[in-house]
Amino acid sequence: MRDGTDVTTNPFNPSSISFGDGAYFADIPNTGAIKISNRWLWSYNSLTPATNTDWQNYYQWNYIGNSANIKIGEGYTMKGTGGAALISSTQNYVFVGKPNSGDIALAIKPQQSYLIGNPYPSALDAKLFIKNNLMGCAGCTGTANVFNGALYFWDHFALSNNHLLAQYEGGYAIYTLMGGLIAIADTPLTANNNASGTKQSRQYIPVAQGFFVQASIDLALTTTTNIQQGYLNFKNTQRVFNRESDGASLFMKTKGTKQLTDTDTRPKITLNFITTKGVNRQLLVGTDPNTTNEFDIGYDAPILETKGDSFYWEFSNSKFVIQGVPNFDNDQIIPFGITIVNEGIITLKISLLENISSSTEIYLYDNVTNLYSEIKNNDFQIALGVGKYNKRFSLQFVNKTLTVDTNILEDGILIYYSNTNQTLNIENDFIDTEVSAVDLFNLLGQKIAHWTIDEVKQSKIKIPITNVSKAGYIVKVKTTKGAFSRKIIIK
């Protein structure tokens, strides 16, 4: 690697870099060649079983300095020069020598995390890389599933003018065959302040871009999918000519780019989870005919961290941040879970729609209140206490209660509130259906009251409602033929 600072006057003879020891070697103002500190040159290819602590995994980085050998295809970390250079300044580095070509293989074992990178002097197609290293997905050509199918790109999106790990602000952007998500600062040993990056990982991996792969999956998934020992294969057939751009190819460090068009036409929904404590999480779901509603290796990305307030897709008895499903049809139900450590109001909103028809309806369904909330154009808010809300909420694409309510009302159950005498009235004309219980919720989903109905005469059930604020409420009525909800206004 050489100093490419003087590219305008000396593009064919870049100068040597000055390597030295010590954490602050590159921070000292200097003239002449760029300084790089050996202290920050590391690789990673260690076993990281689920039983390890975060610190145990952190201490398994491999020191390489400027003289140790690494294998072709392996990645490494480094820090740029400081000193007189502004912390926001970009820097130019030049690789000198014979470019890599041909097929490259790196051995990998189950439970291993491996920092690798694009070894070629051209862009690398992430989709082909994934398919060439898996055997369990449509179009995959690998001889084994050697990793979990997701690529993790570190994005250091805030500028901290120091070398303190606890103040690093960044996270891992994730990419699968279904698409990519931006990074969130939720890694436990760094700033972990829930800040968000802006760079969405894309299909084409630029020259010299490093990324992690993990050869492990949740134990719950091993009944259908196993990770096996094998090789990570880089192939010439994965190489493409594609300029670095925000559209399809993106280097995680700041750089001027030319816009290209993303040709992915599959429908996708990116859903954001925001808390009053500043937590901001994203989930991606998209449609692909090669996927199911269960775990599809290569398409679905397992969640990395579930500490603190968290948000995840729930299926196959595990948790994910990216999911592929066959369709967004009216019978599609996509459950997600929420874990709350800090009680308060949370907001769920759609931050990005890709290739979604204007006629497609999108609802958030709460199976406690039986309420469908239109979320395509409106944010959803609800107050949640500390706890886990597993499969309470889901994304759906038709409001089924509209049909249910209409049928029940037409068949003889009528619900209305009388502001005159502050009474909830339920008129049940069914002969073979009894109302067994009634619940009252506010519009944030909090249960206000519960009544057990044991009246023999059900044609006119009257429930006094006093000492409640003037507002809209949801009445959930449980009957021997099922449950349904109705909105009332208390004035």
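Residues take their numbers from the sequence shown, with the count starting at 1. Fair warning: this is a prediction, and the values are worked out from it, not measured in the lab.
No side-chain donor-acceptor contact under 3.5 Å links Thr339 to the backbone of Ser310. Using modelled atom types, one side-chain atom of Lys476 and one backbone atom of Val368 make a donor-acceptor pair closer than 3.5 Å. Judged purely by atom type and a 3.5 angstrom limit, Ser201 uses its side chain to pair as donor or acceptor with the backbone of Ile174. Side-chain atoms of Trp313 come within 3.5 Å of backbone N or O of Leu284 as a donor-acceptor pair. A donor-acceptor pair is defined here as one N or O able to donate and one able to accept, closer than 3.5 Å; such a pair exists between the side chain of Glu374 and the backbone of Lys376. Formation of a donor-acceptor pair under 3.5 Å by the Thr369 side chain with backbone atoms of Leu371 is found in this model. A donor-acceptor pair under 3.5 Å links the side-chain atoms of Thr480 to the main chain of Glu434, judged by distance alone. Checking side-chain atoms of Glu314 against main-chain N and O of Lys391 turns up a donor-acceptor pair under 3.5 Å. Distance alone, capped at 3.5 Å, is enough to place a donor-acceptor pair between the Gln458 side chain and the Val435 backbone. Side-chain atoms of Asn327 do not come within 3.5 Å of backbone N or O of Gln332 as any donor-acceptor pair.
Residues Ile382 and Ile346 are in side-chain contact: their nearest non-hydrogen atoms beyond the backbone lie under 4.5 Å apart. Using a 4.5 Å heavy-atom threshold, the side chains of Ile356 and Phe328 count as touching. With contacts defined as side-chain heavy-atom distances shorter than 4.5 Å, the pair Phe315/Asp300 qualifies. Looking at heavy atoms from C-beta onward, Tyr417 lies in side-chain contact with Ile490 at the 4.5 angstrom threshold. Looking only at side-chain heavy atoms (C-beta outward), Ile362 and Phe397 come within less than 4.5 Å of each other. Side-chain contact between Asn100 and Phe234 is absent, with no heavy-atom pair separated by less than 4.5 Å. Counting heavy atoms from C-beta on, the side chains of Phe311 and Leu271 come closer than 4.5 Å. Within the 4.5 Å cutoff, the side chain of Pro326 has heavy atoms near those of the Thr291 side chain.
Considering all non-hydrogen atoms of both residues, Ile350 and Ile375 come closest at CD1-O, 3.6 Å. When every heavy atom of Gly324 is checked against every heavy atom of Met178, the shortest pair comes out as CA-SD, 3.6 Å. When all heavy atoms of Asp155 and Ala183 are compared, the closest pair comes out as CB-CB, 3.9 Å. The nearest pair of heavy atoms linking Val477 to Ile426 is CG2-CD1, 4.3 Å. The minimum heavy-atom distance linking Ala126 with Leu151 is given by the pair CB-CD1, 3.9 Å. In terms of heavy-atom proximity, Gly179 sits nearest to Lys268 at CA-NZ, 3.7 Å.
Partners of Thr143 under the side-chain hydrogen bond (donor to acceptor under 3.5 Å, both in side chains) rule, at least two apart in sequence or in another chain, do not exist in this structure. Take Asp54 and apply the salt bridge (Lys or Arg N to Asp or Glu O under 4.0 Å) test, not counting sequence neighbours, and it matches Lys307. Partners of Ser351 according to the side-chain contact (heavy atoms from CB on, under 4.5 Å) rule, which considers only residues two or more places apart in sequence or in another chain, are Thr270, Asn272, Gln282. For Asp288, the salt bridge (Lys or Arg N to Asp or Glu O under 4.0 Å) partners two or more places apart in sequence, or in a different chain, are Arg266. Listed by chain and residue number, Tyr44, Thr48, Asn52, Gln60 satisfy the side-chain contact (heavy atoms from CB on, under 4.5 Å) test with Asn57 (two or more places apart in sequence, or in another chain).
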- Might you work through the side chain to side chain contact (heavy atoms under 4.5 Å, CB included) test for Leu128 and Thr237, ending with a clear yes or no? CA-CA 8 Å; Leu128 289 179; Thr237 52; 5.6 Å; no
- Verdict with supporting geometry, Phe211 and Val213, side chain to side chain contact (heavy atoms under 4.5 Å, CB included): CA-CA 7 Å; Phe211 55 94; Val213 295; 4.1 Å; yes
- Message: The test is side-chain hydrogen bond (donor to acceptor under 3.5 Å, both in side chains); show your working for Gln111 and Ser216 and say whether it passes.
- Response: CA-CA 5 Å; Gln111 304 298 320; Ser216 60; 4.8 Å; no
- Item | side chain to side chain contact (heavy atoms under 4.5 Å, CB included) assessment of Thr77 paired with Leu115 | CA-CA 9 Å; Thr77 66; Leu115 176 57; 4.1 Å; yes
- Determine, stepwise, if the pair Leu189 / Tyr168 fulfils side chain to side chain contact (heavy atoms under 4.5 Å, CB included). CA-CA 9 Å; Leu189 303 182; Tyr168 292 178; over 6 Å; no
- Message: For a side-chain hydrogen bond (donor to acceptor under 3.5 Å, both in side chains) check, start with the C-alpha distance between Tyr175 and Gln200, then their side-chain angles and the critical distance, and finish with the verdict.
- Response: CA-CA 9 Å; Tyr175 184 84; Gln200 184 181 5; over 6 Å; no
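Rounding to the nearest 0.5 Å gives a distance of 6.5 Å between CD1 of Ile448 and CG of Leu440. Considering CG of Asp379 and OG of Ser373, their distance stands at 11.5 Å, rounded to 0.5 Å. Atoms CD1 and OG1, on Ile297 and Thr224 in that order, are 9.0 Å from each other to the nearest 0.5 Å. A distance of 6.5 Å separates CD1 in Ile334 from CD1 in Ile269, rounded to the nearest 0.5 Å. Of the inter-residue distances, the one linking Asp366 atom CG with Arg392 atom CZ reads 4.0 Å to the nearest 0.5 angstrom. For the atom pair CD1 of Ile345 and OG1 of Thr275, the computed distance is 11.0 Å after rounding to the nearest 0.5 Å.
A side-chain donor from one of Ser316 and Glu294 sits under 3.5 Å from a side-chain acceptor of the other. Of the N and O atoms on the side chains of Asp125 and Gln203, at least one donor lies less than 3.5 Å from an acceptor on the other residue. Counting only N and O atoms by type, the side chains of Ser394 and Gln396 include a donor and acceptor under 3.5 Å apart.
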Donor-acceptor contacts under 3.5 Å from residues 129-138 side chains, at least two apart:
from   : atom 1 : to     : atom 2 : distance (Å)
Asn132 : OD1    : Gln238 : NE2    : 2.9
Asn132 : ND2    : Thr141 : OG1    : 2.9
Asn133 : OD1    : Asn233 : N      : 2.6
Asn133 : ND2    : Phe129 : O      : 2.7
Asn133 : ND2    : Asn233 : O      : 3.2

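The environment of Asn317 atom CG is sparse: at most 12 non-hydrogen atoms of other residues, nucleotides or ligands sit within 6.0 angstrom.
Ring geometry for Tyr363 against Tyr372 counts as perpendicular: the plane angle is over 60°, on a 0 to 90° scale with 30° as the lower cut.
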